[in-house]
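Working notes for the structure below.
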Amino acid sequence: MDADSDVALDILITNVVCVFRTRCHLNLRKIALEGANVIYKRDVGKVLMKLRKPRITATIWSSGKVICTGATSEEEAKFGARRLARSLQKLGFQVIFTDFKVVNVLAVCNMPFEIRLPEFTKNNRPHASYAPELHPAVCYRIKTLRATLQIFSTGSITVTG
């Protein structure tokens with residue numbers, strides 16, 4: 001591959017994880033009995049609730065903390081979180097949507113070439129770590145961006161941050 005040929009890379013956001021609080025105690029048993037698309041995990045003390053549009057899975061604790069996963073953008077995550085809070089209000093809880101925060105974004109990218117991981121690790125030593133007996137990818141940490149890249153030999157890169 002020529003050094004002067006430019007190839008556009010498609011970076012695809014696959015998951016946005018967000019957190020919000022309801023500022024009220026939630027009765028998980030009531031949510032499990034009256035809610036739709038709900039899985040009650042009594043032994044762990046949480047409820048899983050799924051929304052179809054946007055496609056989000058929420059983990060709900062009785063303390064009022066909710067974690068939403070599965071959105072593909074920050075706007076979709078906020079819309080899904082607000083929709084989830086509204087469905088909890090319809091179940092009779094005094095929900096106030098507060099402390100919304102995006103805590104993690106996961107993206108994937110495929111390079112048009114393979115990567116030699118031992119050489120890459122040696123050339124980027126303070127930031128890159130590679131233990132092939134533990135994990136097949138190089139873990140590359142960017143402290144300023146608070147991001148972690150998992151770089152595979154096939155050229156696939158997973159960005160978390």
Side-chain angles (χ1 to χ4, degrees), residues 1-23 26 28 37-85 88 97-161:
M1 190 167 163
D2 296 336
D4 55 335
S5 66
D6 291 334
V7 176
L9 295 175
D10 290 333
I11 298 173
L12 182 69
I13 295 176
T14 57
N15 191 10
V16 177
V17 181
C18 65
V19 178
F20 73 93
R21 294 197 175 276
T22 61
R23 290 181 60 186
L26 300 172
L28 298 182
N37 298 324
V38 173
I39 301 169
Y40 185 23
K41 305 249 181 183
R42 192 175 69 187
D43 53 328
V44 187
K46 67 181 180 182
V47 168
L48 299 176
M49 183 181 277
K50 295 188 179 206
L51 297 179
R52 289 192 183 128
K53 199 165 189 175
R55 184 174 240 103
I56 285 178
T57 301
T59 306
I60 304 168
W61 281 275
S62 61
S63 65
K65 183 177 181 180
V66 181
I67 298 177
C68 299
T69 60
T72 55
S73 69
E74 291 183 37
E75 296 82 24
E76 188 176 287
K78 187 160 189 173
F79 177 70
R82 292 189 68 82
R83 199 163 160 237
L84 193 90
L88 290 173
F97 183 80
T98 58
D99 300 334
F100 176 82
K101 183 167 62 168
V102 173
V103 292
N104 199 357
V105 177
L106 187 97
V108 293
C109 173
N110 285 319
M111 295 293 186
F113 51 85
E114 291 187 357
I115 300 169
R116 293 187 189 95
L117 299 182
E119 291 176 27
F120 178 83
T121 307
K122 194 187 326 180
N123 295 337
N124 299 284
R125 183 51 77 188
H127 304 290
S129 65
Y130 180 48
E133 62 276 359
L134 299 176
H135 190 61
V138 171
C139 182
Y140 187 88
R141 297 188 193 281
I142 304 172
K143 296 226 189 284
T144 55
L145 299 176
R146 289 174 42 200
T148 302
L149 284 75
Q150 297 290 325
I151 303 168
F152 294 88
S153 62
T154 59
S156 176
I157 299 174
T158 304
V159 183
T160 309

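- For the residue pair Thr121 and Ala128, the shortest heavy atom distance occurs at CG2-O, 3.9 Å.
- A distance of 11.5 Å separates NZ in Lys78 from CZ in Phe20, rounded to the nearest 0.5 Å.
- Checking side-chain atoms of Asn15 against main-chain N and O of Gly70 turns up a donor-acceptor pair under 3.5 Å.
- We find the NZ-CZ distance between Lys53 and Phe79 to be 9.0 Å, quoted to the nearest 0.5 Å.
- Looking only at side-chain heavy atoms (C-beta outward), Ile142 and Thr144 come within less than 4.5 Å of each other.
- Here NZ of Lys101 is found 12.0 Å from OG1 of Thr98. Values are rounded to the nearest 0.5 Å.
- Atom SG in Cys68 sits 8.0 Å away from atom CD1 in Ile60 (nearest 0.5 Å).
- The side-chain heavy atoms of Asp99 and Val19, taken from C-beta on, include no pair separated by under 4.5 Å.
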Evaluation steps, side chain to side chain contact (heavy atoms under 4.5 Å, CB included), between Asn110 and Val108
CA-CA 7 Å; Asn110 285 319; Val108 293; over 6 Å; no
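- Around the CG atom of Asn123, the shell of radius 6.0 Å holds more than 12 heavy atoms that belong to other residues, nucleotides or ligands.
- Between the CZ atom in Arg116 and the OG atom in Ser153 there is a gap of 11.5 Å [rounded to 0.5 Å].
- Looking at every heavy atom in both residues, Pro54 comes nearest to Glu76 through CB-CG, 3.3 Å.
- Taking each heavy atom of Leu26 and Gly64 in turn, the nearest pair found is CD1-CA, 3.9 Å.
- Atom CG of residue Leu48 and atom CD1 of residue Ile67 lie 10.5 Å apart, to the nearest 0.5 angstrom.
- Ile56 has its side chain out of reach of Leu84: every pair of non-hydrogen atoms, C-beta onward, lies at least 4.5 Å apart.
- Between Phe120 and Asn124 the shortest heavy-atom distance is O-ND2, 2.9 Å.
- Legend: side-chain hydrogen bond (donor to acceptor under 3.5 Å, both in side chains) pairs involving residues 125-138, not counting sequence neighbours, sorted by first then second residue: His135-Gln150.
- In this structure, Leu134 places its CG atom where more than 12 heavy-atom neighbours from other residues, nucleotides or ligands lie under 6.0 Å away.
- Side chain of Thr14 to main chain of Leu106: a donor-acceptor pair is present (N/O by atom type, distance under 3.5 Å, no hydrogens or angles).
- The two residues Arg52 and Asn37 come nearest to each other via the heavy atoms NH2-OD1, 4.0 Å.
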Please tabulate, for side-chain N and O atoms in residues 38-45, each donor-acceptor pair with protein atoms closer than 3.5 Å (sequence neighbours left out).
none

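- Summarising the geometry of Val66 relative to Ala58, their closest heavy-atom pair is CG1-CB, 4.0 Å, with the distance given to 0.1 Å.
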